[in-house]
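This report refers to the structure that appears directly beneath it.
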Amino acid sequence: QLRVVESGGGLVQPGGSLRLSCAPSGFNWVNAAVGWFRQAPGKEREGISCISVGTTTYADSVKGRFTISRDNRKNTVYLQMSSLKPEDTAVYFCSVDWPPTSRFCSLAMGQYGFWGQGTQVTVSS
C-alpha cells in the first residue's frame, strides 16, 4: 500500500542535533513537494519546512537551525535539525503533495495528500 515513512526521531539534549528522514513506500514521488510539520502537546500542527524543485521554505521558528534537503538517488527527503531547544519537542510528520498539485510548496497542510504516522522528537536534559 502507499505510505510515507518518517524515521530518525529520538531523545536529544538541548543544543544537540537530529536528522529526520522521509521516504515514500509503494510509489515514487518524483519531484513532488514535501513538507515537514510538527505538533507539540496541546498545540496545533504547524508547518516548519518544505521543499520543491529548486526552492525551500522554513518557518521563522526553525529558520537558521533546520535544513531540509532531498537526495534523489535515495528517494529521500531529510530534515537536519541542529541547536535543538526544548520547545522543539513534538511529533514530526512528513507529508507529500501527491498527486502533485503545485510546482511550489507551502507550509499549509491543505497542499499535502499523503502523511506519515509521525516520529517523536524529545529535546530534554
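Only this structure's heavy atoms are used, side chains among them; waters, hydrogens and symmetry mates stay out.
Residues L20 and V91 do not share a hydrophobic cluster, defined by chaining ILVMFWY side chains whose heavy atoms lie under 4.5 Å apart. L18 and I48 end up in the same hydrophobic cluster when Ile, Leu, Val, Met, Phe, Trp and Tyr side chains are linked at under 4.5 Å. Residues I68 and Y78 do not share a hydrophobic cluster, clusters being chains of Ile/Leu/Val/Met/Phe/Trp/Tyr side chains in contact below 4.5 Å. In the hydrophobic cluster analysis, where Ile, Leu, Val, Met, Phe, Trp and Tyr join through side-chain heavy atoms closer than 4.5 angstrom, I51 is grouped apart from F93. Taken together through direct or relayed side-chain contacts under 4.5 Å among Ile, Leu, Val, Met, Phe, Trp and Tyr, V34 and V4 form part of one hydrophobic cluster.
Of all the heavy atoms in S21 and W36, the pair that sits closest is O-CH2, 3.6 Å. When all heavy atoms are compared, the tightest approach of F37 to Y112 is CZ-CE1, 3.6 Å. When all heavy atoms of G47 and L107 are compared, the closest pair comes out as O-CD1, 3.6 Å. Across S49 and L79, no two heavy atoms sit closer than the pair CB-CD1, 4.1 Å. Minimum heavy-atom separation, N75 to F27: ND2-O, 4.3 Å. Closest approach of R65 and S82 over heavy atoms only: O-OG, 2.8 Å.
Between the side chain of S95 and the backbone N or O of W115 there is no donor-acceptor pair closer than 3.5 Å. Side-chain atoms of E6 come within 3.5 Å of backbone atoms of C94 as a donor-acceptor pair (strictly under, hydrogens ignored). Judged by distance alone, the side chain of D71 and the main-chain N or O of R73 form a donor-acceptor pair under 3.5 Å. A donor-acceptor pair under 3.5 Å is absent between the side-chain atoms of D88 and the main chain of V121, judged by distance alone. Side-chain N or O atoms of E46 include none that pairs as donor or acceptor with a backbone N or O of R38 at under 3.5 Å.
Atom-to-atom distance recorded for S25:OG and F114:CZ is 11.0 Å, nearest 0.5 angstrom. Taken from CZ in F66 to OG in S17, the straight-line distance is 9.5 Å, to the nearest 0.5 Å. Rounding to the nearest 0.5 Å gives a distance of 11.0 Å between OG1 of T122 and CG of L84. The CD atom of Q120 sits 7.0 Å away from the OG1 atom of T89 when rounded to the nearest 0.5 Å. Atom CD of residue Q111 and atom SG of residue C105 lie 6.5 Å apart, to the nearest 0.5 angstrom. Between S102 atom OG and D97 atom CG the span is 6.5 Å, to the nearest 0.5 Å.
Open room surrounds CD on E44; 12 or fewer heavy atoms of other groups in view lie less than 6.0 Å from it. More than 12 heavy atoms of other residues, nucleotides or ligands shown are found within 6.0 angstrom of CD on Q39.
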Could you go through the side chain to side chain contact (heavy atoms under 4.5 Å, CB included) check for L11 and S124 one step at a time?
CA-CA 7 Å; L11 174 64; S124 176; 4.2 Å; yes
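The existence of a salt bridge linking K63 and D60 is confirmed by a sub-4.0 Å separation between a basic side-chain nitrogen and an acidic carboxylate oxygen.
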